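Data first, discussion second: the structure below is written as structure tokens.
Numbers restart at 1 for each chain; the letters A, B, ... are given by sequence-line order, proteins then strands. Please read these numbers as outputs of a predicted model, since none were measured by experiment.
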Amino acid sequence: MEKYMPQQIEKKWQAKWQESNVYKTEMDASRPKYYALEMFPYPSGNLHMGHVRNYSIGDVLARYKTMEGFNVLHPMGFDAFGMPAENAAIKNGVKPSDWTFSNIDNMKRQQREMGLSYDWDREVQTCRQDYYRWTQWLFQLFYKRGLAYKKKAYVNWCDTCGTVLANEQVIDGQCWRCDSVVVKKDLSQWFLKITDYADVLLKDLDLLQGWPERVRIMQENWIGRSEGLEFELEAPELGEKIAAYTTRPDTVYGITFLALAAEHPLVEKICAKSGKAEEIKAFVKKVQSQSDIERTSSESEKEGIGTGLYVVNPFNGNKAEIWITNYVLADYGTGAVIGVPSEDQRDWMFATKYGIEKIITLQPKGQTLVLEEMTEAYTDKAGVLVNSAEFSGMDIKAAMKGIMDKAEAEGFGKRRVNYRLRDWLISRQRYWGAPIPVIYCDDCGEVLVPEDQLPVKLPEDVDFKQGSVSPLAQSKSFVNCTCPKCGKPARRETDTMDTFICSSWYYLRYTDPHNENIPFDKDKVNYWAPVDQYIGGIEHAILHLLYSRFFTKVLKDAGMVDFPEPFTNLLTQGMVLKDGSKMSKSKGNVVSPEEIIGKYGADTARLFILFAAPVDRDLDWSDQGVEGSFRFLRRVWRILEIFEDKIKNAPDEYDVSSLTPEEKELRHVLHVTIQKVTEDIKERFMFNTAISSIMELVNAFYGFQNSTDVNAGLVREVAVNLMKMLAPFVPHITEELWSVLIGEGSVHTQKWPGFDEEAIKTAEVEIVLQINGKVRDRIMIASNIDKSAMEEAAKANKRVQELTEGKTIVKMICVPNKLVNVVVK
RNA sequence: GCCGAAGUGGCGGAAUUGGCAGACGCAGCAGACUCAAAAUCUGCCGUUGGCAACAACGUGCCGGUUCGACCCCGGCCUUCGGCACCA
């Protein structure tokens with residue numbers, strides 16, 4: 001055998017695998033399937049270590065499941081629409097498509113150099129017409145089902161990106177991509193009605209037992225369900241009823257004002273009637289000029305302006321002044337909030353600031369609150385109602401029920417569930433995305449582009465000069481069209497879709513990527529999907545994972561898939577850090593995968609990244625650690641080289657009973673390792689400990705490096721299983737060793753090894769002897785002996801005798817094959 | 001503020017169901033091989049005391065349960081992540 005030369009053998013095997021198409025998968029209803037999926041990347045141009053980690057984890061699973069006998073689907077593709085391509089066009093004059101495709105080519109090359117077992121025939125690229133045609137088709141499906149609509153609304157606008165953003169894409173009031181401060185704009189935009197599915201998206205989180213709990217909790221919080229009462233308060237001077245929503249109906253007798261959002265639809269009418277029109281308008285203008293950060297920070301000052309107009313509390317006929325405020329959100333509940341200063345801290349501060357009356361309607365048990373002595377609201381949800389007409393004297397629970405019943409009986413209110421989740425704003429005023437397939441006609445209004453005319457293609461005659469808003473709007477050939485209904489001249493929608501739409505269904509397209517008639521065949525999708533194991537970063541906990549769940553539920557309702565959830569199991573990998581912080585160009589701590597692979601080979605890179613930390617924890621990159629992984633592979637190579645002749649010439653079957661005690665011990669270690677590695681991969685995703693136990697096996701193997709007369713059958717057994725167990729982690733070196741030493745077939749198509757129960761058993765075990773819980777000695781005893789025999793062995797021990805002399809043995813605790821604890825006084 | 005996760009040697013981490021704390025690796029130290037170095041192989045490697053056998057201490061802090069606690073319970077501290085005027 002020659003020296004271990006990773007670069008040579010890796011290139012060789014990558015070429016062979018590609019040539020023989022070994023990773024191609026076909027549907028086969030007679031075999032159990034396994035769908036392993038890593039989140040597809042944005043084609044930024046180069047893989048980073050996060051990708052390497054992501055794909056290494058997925059590849060181990062895919063290869064392992066294949067060896068276990070599953071029909072494994074393991075595809076890869078590119079989330080290829082988006083701003084960076086367009087920015088490159090603006091900056092360098094490159095066409096977004098050229099920029100994207102050349103980046104894809106480079107990243108695919110890098111992925112191939114990692115030795116990943118993808119079925120490249122199934123690749124999808126969301127920016128290609130054969131894909132976005134179906135993205136548009138799905139948009140129309142949503143439209144036809146009443147789930148896509150256009151409305152004028154105050155939306156998030158990023159000036160730097162020149163486009164609107166979804167709520168999920170605003171992080172701390174800033175654009176998720178460029179960190180610019182997001183402002184509100186009143187625009188007419190397309191939305192998907194994800195709120196229709198809020199309830200089921202929340203409820204079905206229970207089905208996702210294979211997801212990390214924290215991700216489920218994050219989604220639960222994001223959806224934010226609350227129950228309460230919505231009721232109407234009459235405003236006689238306006239001739240209107242104003243609806244308000246509260247989760248504390250028990251406090252309604254304490255209402256002393258009504259707070260409206262600055263964007264509330266009645267603000268204009270209020271101005272007309274109030275006599276303070278100019279002041280109110282000035283206040284509203286000031287509020288709207290504030291950024292989201294200023295407006296939504298809980299520390300920021302609550303401000304408002306009294307309108308002099310009032311509403312009537314329908315429960316007790318009390319008058320309450322209407323205030324316009326900076327803290328009520330227009331798009332949650334009804335945009336109007338009852339003010340109950342004595343039982344809500346924010347209302348308390350607001351009322352104190354503006355001299356608004358406070359009424360106590362709730363008293364804690366065994367205590368009497370007096371307004372003059374209070375310095376803050378009483379917000380505990382416990383106590384007895386006072387000043388609340390027929391509800392006085394009731395506890396909160398009874399009062400809540402009674403008050404809501406009353407509102408419903410008298411017809412001015414209704415129980416209601418509210419969600420924090422808002423509809424998904426999907427319009428983007430950008431070029432490099434899937435055009436929204438809608439036409440506007442002066443006579444017919446909003447018309448869908450007929451299905452046989454899909455895709456609505458992106459035009460080529462586009463000007464990307466910086467600052468130009470919505471490049472598509474400038475392409476006359478794109479905008480001008482005829483109405484599919486009446487044939488008159490019409491205009492095309494010039495907005496494209498949020499790229500998160502493209503990524504909300506790609507995992508379904510992989511099951512049938514070349515279908516030209518429908519997005520995917522029902523039989524195929526129901527065979528392969530849902531994804532058995534999805535792997536990706538925690539940063540998608542809400543965005544992509546919530547949108548994909550929504551899509552799947554709509555497609556299920558449309559009869560296109562039979563399953564309610566797209567991803568049965570989710571693994572959220574940790575980040576790859578260097579020197580304790582995230583790798584970034586600005587910090588200058590980036591380690592390039594290409595460089596590492598060039599120096600040590602892909603196997604070393606994969607091994608290190610899987611060994612250095614558990615998959616779900618952050619991993620600190622260590623150049624010395626990489627050296628260690630490389631050393632281990634050389635060590636494997638060398639021990640097999642030492643035994644080359646024995647391995648090649650030994651039979652597969654041999655007489656195990658003829659082994660020496662030392663050889664039996666090696667065989668014991670082998671089978672314990674098989675058991676441990678199998679469990680670590682299959683049950684626990686603990687690849688780091690799986691690798692460490694393989695290292696222990698190799699260490700044990702080295703104990704025989706100078707034993708020329710060691711049993712050849714055993715050596716072959718150890719070598720064969722060592723190669724098989726390492727194969728999912730380091731596919732190239734194991735394939736090379738397999739071809740040299742075994743010769744037949746590929747290591748990757750071998751059956752995953754089982755372990756021999758007999759070999760795992762041992763005649764003797766070491767047990768610990770404790771006195772009062774402290775370890776005092778260790779002895780070898782026969783395994784699986786009964787309790788009394790263990791006690792006898794402990795009592796016979798010299799150390800135990802010495803240390804218990806003159807003391808009384810209270811009791812003895814025996815744990816089979818582990819320990820005896822002698823309790824003495 | 002609310003919700004969640006984590007805290008173990010010089011470092012990454014292990015201990016799967018309450019049962020030997022520190023597997024495996026990195027770094028370090030020593031030996032073998034070598035003219036020498038590198039590479040490789042072998043051994044040592046939590047702290048303190050001791051020639052040693054061994055003893056005491058030790059999993060963020062304080063307390064509890066237990067024969068026995070990194071693990072369970074109560075109360076804190078620190079770090080990280082998510083949400084944050086949602087009425």
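Residue A:Asn688 is in sugar-phosphate contact alone, with no base atom involved, counting any heavy-atom pair closer than 4.0 Å across all strands shown. Using a 4.0 Å heavy-atom criterion, one finds that A:Glu766 contacts the bases of the nucleic acid, with or without backbone contacts as well. Using a 4.0 Å heavy-atom cutoff across all strands shown, A:Gly224 reaches no nucleic acid atom at all. Among the atoms of the strands shown, none is found under 4.0 Å from any heavy atom of A:Ser622. Note on A:Lys582: nothing from the nucleic acid sits closer than 4.0 angstrom, heavy atoms only. As judged by a 4.0 angstrom heavy-atom cut-off over every strand, A:Gln705 is placed among residues touching the sugar-phosphate backbone only. The residue A:Met686 sits close only to the backbone: its heavy atoms come under 4.0 Å of sugar-phosphate atoms, none of a base. Base contact: A:Arg420 has a heavy atom under 4.0 Å from a base atom.
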Using a cut-off of under 3.5 Å, enumerate the N/O to N/O pairs linking the protein to nucleotides 44-55 of chain B.
unit_1, atom_1, unit_2, atom_2, d
B:A55, OP1, A:Arg776, NH1, 3.2
B:A55, OP1, A:Arg799, NH2, 2.7

Please tabulate the protein-to-nucleotide N/O contacts below 3.5 Å involving nucleotides 7-12 of chain B, giving atom names and distances.
unit_1, atom_1, unit_2, atom_2, d
B:G12, O2', A:Ala612, O, 2.6

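Between the CG atom in A:Asn418 and the CD atom in A:Glu230 there is a gap of 7.0 Å [rounded to 0.5 Å].
Spacing between atom CG of A:Asn821 and atom P of B:U66 amounts to 15 Å, rounded to whole angstrom units. As a whole-Å value, the separation of A:Arg634 CZ from B:A39 P is 9 Å. Protein atom CZ of A:Phe630 is 17 Å distant from nucleotide atom C1' of B:C26, rounded to whole Å. A:Leu545 places its CG atom 15 Å from the P atom of B:G82, with the value rounded to the nearest Å. Residue A:Lys774 contributes atom NZ, which lies 13 Å from atom C1' of B:C67 at whole-angstrom precision. Taking atom CD of A:Glu213 as the reference point, atom P of B:A5 lies 6 Å away to the nearest angstrom. When rounded to the nearest whole Å, the span between CD of A:Glu627 and C1' of B:U40 equals 14 Å. Rounded to a whole Å, the CG atom of A:Asn221 is 14 Å from the P atom of B:C2.
With distances taken from any side-chain atom of A:Arg638 to the nucleotides B:G19, B:C86, B:U40, the minimum falls on B:U40. The side chain of A:Asn699 has B:C24 as its nearest neighbour among B:A87, B:C26, B:C24. Minimum atom distance to the side chain of A:Lys302 is reached by B:C85, of the listed B:C85, B:A27, B:G4. The listed nucleotides are B:U16, B:C83, B:G13; the one nearest the side chain of A:Arg684 is B:U16. Side-chain proximity of A:Arg214 to the nucleotides B:A27, B:G4, B:A84 is greatest for B:G4.
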Practice task
Both distances under 3.5 Å, Watson-Crick or G-U wobble: on that basis, could you give the dot-bracket string for RNA chain B, with [ ] for crossing pairs and | for other-strand partners?
Solution key: (((((((..(((......[....))).(((((.......))))).((((....))))..(((((..]....))))))))))))....

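In plain terms, the two heavy atoms of A:Met790 and A:Asn817 that are nearest each other are CE-N, 4.1 Å.
Using bins of under 30°, 30° to 60° and over 60° for the plane-to-plane angle, the ring pair A:Trp176/A:Phe500 lands in the tilted bin. The aromatic rings of A:Phe350 and A:Tyr354 lie tilted to each other, with the angle between the two planes from 30° to 60°.
A salt bridge does not link A:Glu263 to A:Lys184: none of the charged nitrogens lies less than 4.0 Å from a carboxylate oxygen.
With A:Asn313 contributing its side chain and A:Phe315 its backbone, the two residues share a donor-acceptor pair below 3.5 Å.
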